[in-house]
Trainee: 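Supplied in structure tokens, the structure appears directly below.
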Amino acid sequence: MGSADVEKHMPSADHSHKHKHKDKDREKSKDKSKDKHKDKHKDKHKDKDKEKSKDRSKEKEKKQDKEERKREKEERKREKEKIKAEKRLIEIKPEPVSEDEEMPLSSQEETEDDQPLISRTKIKTEIKQEKASKRKAEEIEDEDDETFEDPKKKKKKAKEVKKEKPDKKPTQNGTSPTKRAKKEKEEEETWKWWEEEKHEDGVKWKTLEHKGPVFATEYEPLPDHVKFKYNGKVVRLAAPAEEVASFYAHMLDHDYVTKDVFNKNFFKDWRKFMTQSEKELVTDLKKCDFTEMHTYFKARSEEKKNRTKEEKQKLKEDNEQLVKEYGWCFIDGHKQRIGNFKIEPPGLFRGRGDHPKMGMVKRRVMPEDVIINCHKGAAPKPPAGHKWKEVRHDNTVTWLASWTENVQGQVKYVMLNSASRLKGERDWQKYEVARRLKDSVDKIRETYKEDWKSKEMRIRQRAVALYFIDKLALRAGNEKDEDQADTVGCCSLRVEHISLHEQKNGKQYVVVFDFLGKDSIRYYNEVPVEKRVFKNVQIFMENKKPGDDLFDRLNTTIMNKHLNDLMDGLTAKVFRTFNASNTLQEQLDQLTDAKASVAEKILAYNRANRAVAILCNHQRSVPKTFAKSMENLQKKIDDKRKAIEDAERAYKDLKKEAKKTGSSAAKIASGKKEKQLEKLKEQLMKLEVQATDREENKEIALGTSKLNYLDPRISVAWCKKNDVPIEKIYNKTQREKFQWAIDMAGPEFVF
DNA sequence: GTTCTCACTTAGTACGGACCTT
DNA sequence: AAGGTCCGTACTAAGTGAGAAC
């Protein structure tokens, strides 16, 4: 079977050694670019989360909001300028480490906030914090939200919401229980939404009803015998500080605790949860001894593992109950599964790669932080004694609930799972755009090749970048803040990330890419390019420092604007989807042997899948047990070989004897042996196939491309055409996600 | 134009349970 | 029954890109 070798210049031409030491690689690349991106993001602003009273007029609020923004912006600007100035002055700065060493002193303002995890009023963390509050008062509602009249707002949607009333009026006051039960049953037999009419533009639903998210369980204080020690002495921490300490104690044998940034961030944040006296006492993380706590937690999880069957069963049932109650919603009269109905529990932020915020405390989320989205009159009850931050009725968005996370200030959403109509429809649409690109890609390629010669530098840059995106399936590369890990994509590549070689390994005009992409995964690829591209890149690099942008006249917005002019709906990421799906189609066509066994066909499929994963640089760390499991497999293979040898010998003897004696008993025996031999051989083949598959797969993650990049209709069609059961390719969840494709794609489908 | 916000997709990892072997 | 392996799932971080705000 031919190897999956794609014309497509995959990043891992010589995979084997390339990613072996992923972590080391990450370190290496990080070092290179340190100078540029090390400046510490000072805390951006500390504006308090002003308690905005509900009755305040919108006008007033808007104005305030404006002012607030202005202030914030100016502050930020100043910061940036400062940073820039510093950069100019000092090329090599000391590690960012030392700067808040004496944090205890510098944090006067923190002294008053002995902030229990659960308190949510005035969290003056450094985040942009609650810009969203502008929308807040506009829509505050109480449990009894029918009374609320929504005057203007919600531009387009108002009318649809009204329209909905006649037909499907949702429970509470509408649908009868029996009717609903019927619906529910129907749902289990799957709803073929793809055969239904779509919503009009921008509208995501007409009715939406759910029970709200599930909150993390409360903190359970340590039993008295588990002690935390400081400087060798037992210290009893109050619950808030103890809880945060426990986050750290849980992670004691994790890599994170060896990292300075992690420790520093943790310690700084931890102190915010201490009482005055704790704060005075505990001033040095190194003197903290969490080992007892750690041991205790370990013992507890051990205990959990050793629970009896009955206990486990009970737990399972409890969980199922929870899912049953909170894991589903009703949307447009259909029952659909929610993807993440549990709110993220508090803990320490685990940023990937070299993240400046790793170790910071991720606060506990309370109902008062959560915005609920649903149709009017369907607001779920908040947990007893609590209120929602807001209830809104925005049917132009798909989320059911949201809250703002405190570490990065990002909004987190509760959304439907991938088997839902809302997700499926978008997925389908995504592949349709990619297929349209297939039709116009030739023309686009012509255009950008022409643009390599443009007089205008910005056009040349755009054209070369697009060439990379097209050829290498690079990500777009939006700009990032300094308070995130330093990773790049195409448009944000810096000079230090590439090197040029007129000649390399017998190839001409080679561009070597070496950078950290999304999730700080290293991308390394040696790519022979057209001479014109090579020369252009040479020009782009002229007179630049390693930390300068390669494409200084380009960003993702410019690129996407241009792409949209070339084809409706085209953006940079469409190329990745197109490339991936197209590669799968080509590879399947090329690798599948119609006469082969199902096992071999599956191997071919996996190979095709792998080609895509390599193209998209989807990596995983080599499983911890890999070497061992490989060894075991090899042993099995050897054993099998031996068995075959023996069987072969025995068979020969039997045959000989049968010939000699001509006895029917001997004939039968020989025939039996033959069959047995056959079987053994088949088993061996299976094992060998398995071994190759596993070896080739050890550091490549197939799941990501399968789930996000490969048009499922290609796989479905392939299965149908080749008589491979779909279950061999997609597991249950995947089949649910790709229901639409399984239903609509026949064997003749081509991407 | 630049910056910021919002919504949504894409991503790798940790973990636990099913299954298979000893 | 214990122990190892494999696989699916849950989790949540980190991207993309549109559009609003400045």
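Just so it is clear: chains get the letters A, B, ... in the order the sequence lines come, proteins before strands, and each one is counted from 1.
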Trainee: Once you measure the plane-to-plane angle for A:Tyr256 and A:His254, does it fall in the parallel (<30°), tilted (30-60°) or perpendicular (>60°) bin?
Mentor: parallel
Trainee: How are the rings of A:Phe266 and A:Tyr248 set relative to one another: parallel (under 30°), tilted (30 to 60°) or perpendicular (over 60°)?
Mentor: parallel
Trainee: What is the separation between atom CD on A:Gln313 and atom P on B:dG16, rounded to the nearest whole Å?
Mentor: 17 Å
Trainee: Closest to the A:Lys430 side chain: B:dA14, B:dT10, B:dC8?
Mentor: B:dT10
Trainee: A:Glu736 CD to C:dG8 C1': how many Å, rounded?
Mentor: 12 Å
Trainee: Determine: side-chain N/O of A:Asn731 to OP1/OP2 of C:dG8, distance under 4.0 Å, yes or no.
Mentor: yes
Trainee: According to a strict under-4.0 Å criterion, is A:Lys204 in side-chain N/O contact with OP1 or OP2 of B:dA7?
Mentor: no
Trainee: Any donor-acceptor pair under 3.5 Å linking the side chain of A:Asp711 with the backbone of A:Ser581?
Mentor: no
Trainee: What string of B, S and - do you get for nucleotides 17-22 of chain B 5' to 3' if you count protein non-hydrogen atoms under 4.0 Å?
Mentor: -S----
Trainee: Is the distance from OP1 or OP2 of B:dT10 to the nearest side-chain N or O of A:His618 less than 4.0 Å?
Mentor: no
Trainee: Expressed in angstrom and rounded to an integer, what is the separation of A:Asn417 atom CG from B:dC8 atom P?
Mentor: 15 Å
Trainee: Identify, between A:Thr704 and A:Lys304, the residue whose nearest nucleotide on DNA chain B lies closer to the 5' end.
Mentor: A:Thr704
Trainee: For the aromatic rings, using the six-membered ring if either is Trp, is the centroid distance between A:Phe341 and A:His210 under 6.0 Å?
Mentor: no
Trainee: Taking only N and O in the side chain of A:Ser402, is any of them less than 4.0 Å away from OP1 or OP2 of B:dA7?
Mentor: no
Trainee: Can you see if the side chain of A:Arg576 gets near the phosphate of B:dA11 - specifically, an N or O under 4.0 Å from OP1 or OP2?
Mentor: yes
Trainee: For B:dC8, does OP1 or OP2 lie under 4.0 Å from any side-chain N or O of A:Thr398?
Mentor: yes
Trainee: Specify the separation, in whole Å, of atom CG of A:Asp481 and atom C1' of B:dC4.
Mentor: 10 Å
Trainee: Check the distance between B:dT2's P and A:Leu554's CG and give it to me in whole angstrom.
Mentor: 12 Å
Trainee: Check the pair A:Cys329, A:Leu400 against side chain to side chain contact (heavy atoms under 4.5 Å, CB included), reporting the backbone distance first and the verdict last.
Mentor: CA-CA 9 Å; A:Cys329 74; A:Leu400 320 189; 4.1 Å; yes
Trainee: Rounding to an integer number of Å, can you tell me how far A:Lys706 NZ sits from B:dG12 P?
Mentor: 15 Å
Trainee: Can you measure A:Asp255 atom CG to B:dG12 atom P for me and round it to whole angstrom units?
Mentor: 19 Å
Trainee: How do A:Val411 and A:Arg426 order along DNA chain B: which one's closest nucleotide is nearer the 5' end?
Mentor: A:Val411
Trainee: Evaluate A:Leu702 against A:Arg610 for side chain to side chain contact (heavy atoms under 4.5 Å, CB included), listing each step before the verdict.
Mentor: CA-CA 6 Å; A:Leu702 298 186; A:Arg610 184 155 48 239; 4.0 Å; yes
Trainee: Just how far, in rounded Å, is P of B:dA11 from CG of A:Leu516?
Mentor: 16 Å
Trainee: Are any of the side-chain nitrogens in A:Glu311 or A:Lys314 under 4.0 Å away from the carboxylate oxygens of its partner?
Mentor: no
Trainee: When every nucleotide of nucleotides 10-19 of chain C is labelled 5' to 3' by its protein contacts under 4.0 Å (heavy atoms), B for base, S for sugar-phosphate only, - for none, what sequence of letters results?
Mentor: -SBSBSBBS-
Trainee: Can you check whether A:Ile343's main-chain N or O pairs, donor with acceptor, with A:Lys412's side chain at less than 3.5 Å?
Mentor: no
Trainee: Kindly assign one of parallel, tilted or perpendicular to the pair A:Phe515 and A:His497, based on the angle between their ring planes and the thresholds 30° and 60°.
Mentor: perpendicular
Trainee: Evaluate side chain to side chain contact (heavy atoms under 4.5 Å, CB included) for A:Gln408 paired with A:His355, printing each intermediate quantity in order.
Mentor: CA-CA 11 Å; A:Gln408 311 219 70; A:His355 198 118; 3.6 Å; yes
